[in-house]
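Here's the structure, in structure tokens; my notes come after.
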Amino acid sequence: MADSQSNARLRADAGTPTSGVIHVRTRLTADFTVISNALAQRRGSAVTVGVAVYILSLPTGTPVSIEALCAHFSEGETLISRALRELESAGYLDRRCERLSSGQIRTRTYFYDVPGGTPQPDPDDSPEPPRPTRPRKSPQPWKSPAAERATSSSSSTAVTEAASAPASIPVPTPASAPAADRPEEPAALSDADPQAVSVLASLRRVDPRLLLSEREAARLAPAVGQWLAAGVAPSRITAHLTTRLPDHLLARPAAILAFRLRETPLPAPPPAPLPSFPERPVLLPFQTCDGCERAFRAPEPGQRCRDCRRHGEKSPVAA
């Protein structure tokens with residue numbers, strides 16, 4: 001009893017929860033990514049959140065195609081594709097087809113920390129093509145002082161003669177340039193095959209994206225005319241040009257149609273019709289001869305065969 005003992009309850013630590021997760025935080029100064037709680041706590045598939053966090057941690061310019069993501073994750077193409085579609089529908093992922101300054105078309109993938117943000121210009125974009133440098137002057141050969149004085153005196157004499165001569169009248173140049181320098185004029189739509197133009201114009205009824213201009217239709221009409229001349233029906237040409245098109249066209253529709261018309265071999269011409277044979281004669285039915293009771297062919301019964309008519313025999317009387 002000499003020691004003092006207190007029966008008061010121990011003071012509980014107010015900062016430590018009694019249940020749930022307890023965070024052990026470490027202050028990071030490098031190699032970390034800032035992620036919003038709306039994305040990290042997004043309800044739904046864990047694969048979708050994992051793919052989003054992985055894409056946000058990558059540096060700009062890293063490929064994020066399905067093949068690249070499947071090489072990193074253990075999930076297959078089906079789950080990765082579903083995760084990308086969910087992120088695209090939620091507004092985190094945006095894929096656009098943009099034309100570069102060089103004229104090439106490239107698919108750019110934008111990933112937003114917060115849906116609805118404004119994409120910043122890509123610092124890793126390809127630089128502009130270098131400008132052509134000025135041609136350098138070839139070094140002049142060394143001349144002696146006497147040669148330089150002779151050259152300067154001859155040039156001054158030439159300038160004096162040119163100043164004293166009357167001004168020459170400029171010869172007018174022809175207005176029309178040579179045919180080799182003039183650009184090739186595009187084919188007119190009126191000169192194209194009307195049936196081929198009709199086939200090309202009807203493609204937009206099947207796929208509204210296949211809208212062609214007059215110049216494009218005039219350029220594609222000869223290839224379609226070759227198919228029509230080979231015996232291919234217009235419905236078959238339409239089906240060949242409109243089936244299995246990609247969801248996102250990375251080029252002009254005319255370029256895709258020209259590729260299919262150029263790379264697909266023409267079908268074999270239809271076989272020639274078989275020669276017509278003369279009709280076979282109609283076979284007469286068998287009849288019984290009244291004289292010799294032999295079977296022979298005759299149109300009607302009650303007639304005699306050829307031998308009985310030749311010998312004039314009479315048919316025997318039945319007993």
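In this chain, numbering begins with 1 at the start of the sequence shown.
Across Ala258 and Leu220, no two heavy atoms sit closer than the pair CB-CD2, 3.6 Å. Of all heavy-atom pairs between His240 and Arg260, the closest is O-NH1, 3.0 Å. Smallest separation of non-hydrogen atoms from Ile237 and Trp227: CD1-CB, 3.6 Å. Summarising the geometry of Leu210 relative to Arg204, their closest heavy-atom pair is O-CB, 3.6 Å, with the distance given to 0.1 Å. Closest non-hydrogen pair, Thr109 versus Arg95, comes out as OG1-CG, 3.7 Å. Of all non-hydrogen atoms in Val199 and Ser202, the two that sit nearest each other are O-OG, 2.8 Å.
Connection of Phe259 to Leu257 is not established within any shared hydrophobic cluster, with ILVMFWY side chains joined at heavy-atom distances below 4.5 Å, either directly or through further cluster members. Under a hydrophobic-cluster definition in which Ile, Leu, Val, Met, Phe, Trp and Tyr are linked whenever side-chain heavy atoms come within less than 4.5 Å, directly or via other members, Leu211 and Leu203 are assigned to different clusters. By the rule that hydrophobic residues join a cluster once side-chain heavy atoms approach within less than 4.5 Å of another member, Tyr54 and Leu93 end up as members of one cluster. Two different hydrophobic clusters hold Ile256 and Val206 under the rule that ILVMFWY side chains link at heavy-atom gaps under 4.5 Å. If you chain together hydrophobic residues whose side chains sit under 4.5 Å apart, Tyr110 and Val64 never meet in one group.
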Check your understanding: Can you list the steps and then say if Thr48 with Glu86 is a side-chain hydrogen bond (donor to acceptor under 3.5 Å, both in side chains)?
Key -> CA-CA 7 Å; Thr48 304; Glu86 290 182 3; 2.6 Å; yes
Exercise for review: Begin with the C-alpha distance, continue with both residues' side-chain angles, and end with the deciding distance and a verdict on side-chain contact (heavy atoms from CB on, under 4.5 Å) for Leu261 and Val224.
Suggested key: CA-CA 7 Å; Leu261 291 172; Val224 178; 3.8 Å; yes
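For Arg209, the CZ atom sits in a packed shell: over 12 heavy atoms of surrounding residues, nucleotides or ligands are nearer than 6.0 Å. Arg262 CZ: more than 12 foreign heavy atoms inside a 6.0 Å radius. The 12-atom threshold is not exceeded at CZ of Arg82, counting heavy atoms of other residues, nucleotides or ligands nearer than 6.0 Å.
With hydrogens and angles disregarded, a donor-acceptor distance shorter than 3.5 Å links the side chain of Thr243 to the backbone of Ala239. The closest donor-acceptor contact from the side chain of Glu216 to the backbone of Ser213 lies under 3.5 Å.
Interatomic distance, Ile55 CD1 to Tyr92 OH, rounded to the nearest 0.5 Å: 12.5 Å. Taking CG from Leu200 and OG1 from Thr238, the interatomic distance works out to 8.5 Å, rounded to the nearest 0.5 Å. Note that CG of Leu100 and CZ of Arg108 are 6.5 Å apart. Values are rounded to the nearest 0.5 Å. Note: Asp94 CG to Phe111 CZ = 11.5 Å, rounded to the nearest 0.5 Å. The distance from atom CG of Leu56 to atom CG of Leu58, rounded to the nearest 0.5 Å, is 8.5 Å. Between Gln287 atom CD and Arg297 atom CZ the span is 10.5 Å, to the nearest 0.5 Å.
Taking the side chain as every heavy atom from C-beta outward, Gln195 and Leu228 approach each other to under 4.5 Å. In this structure, the side chains of Thr62 and Pro59 come closer than 4.5 Å at one or more pairs of heavy atoms.
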Enumerate, atom names and distances included, each donor-acceptor pair closer than 3.5 Å involving a side-chain atom of residues 66-77, sequence neighbours excluded.
none

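Electrostatic pairing of Arg309 and Asp307 does not count as a salt bridge here, judged by no charged N lying under 4.0 Å from a carboxylate O.
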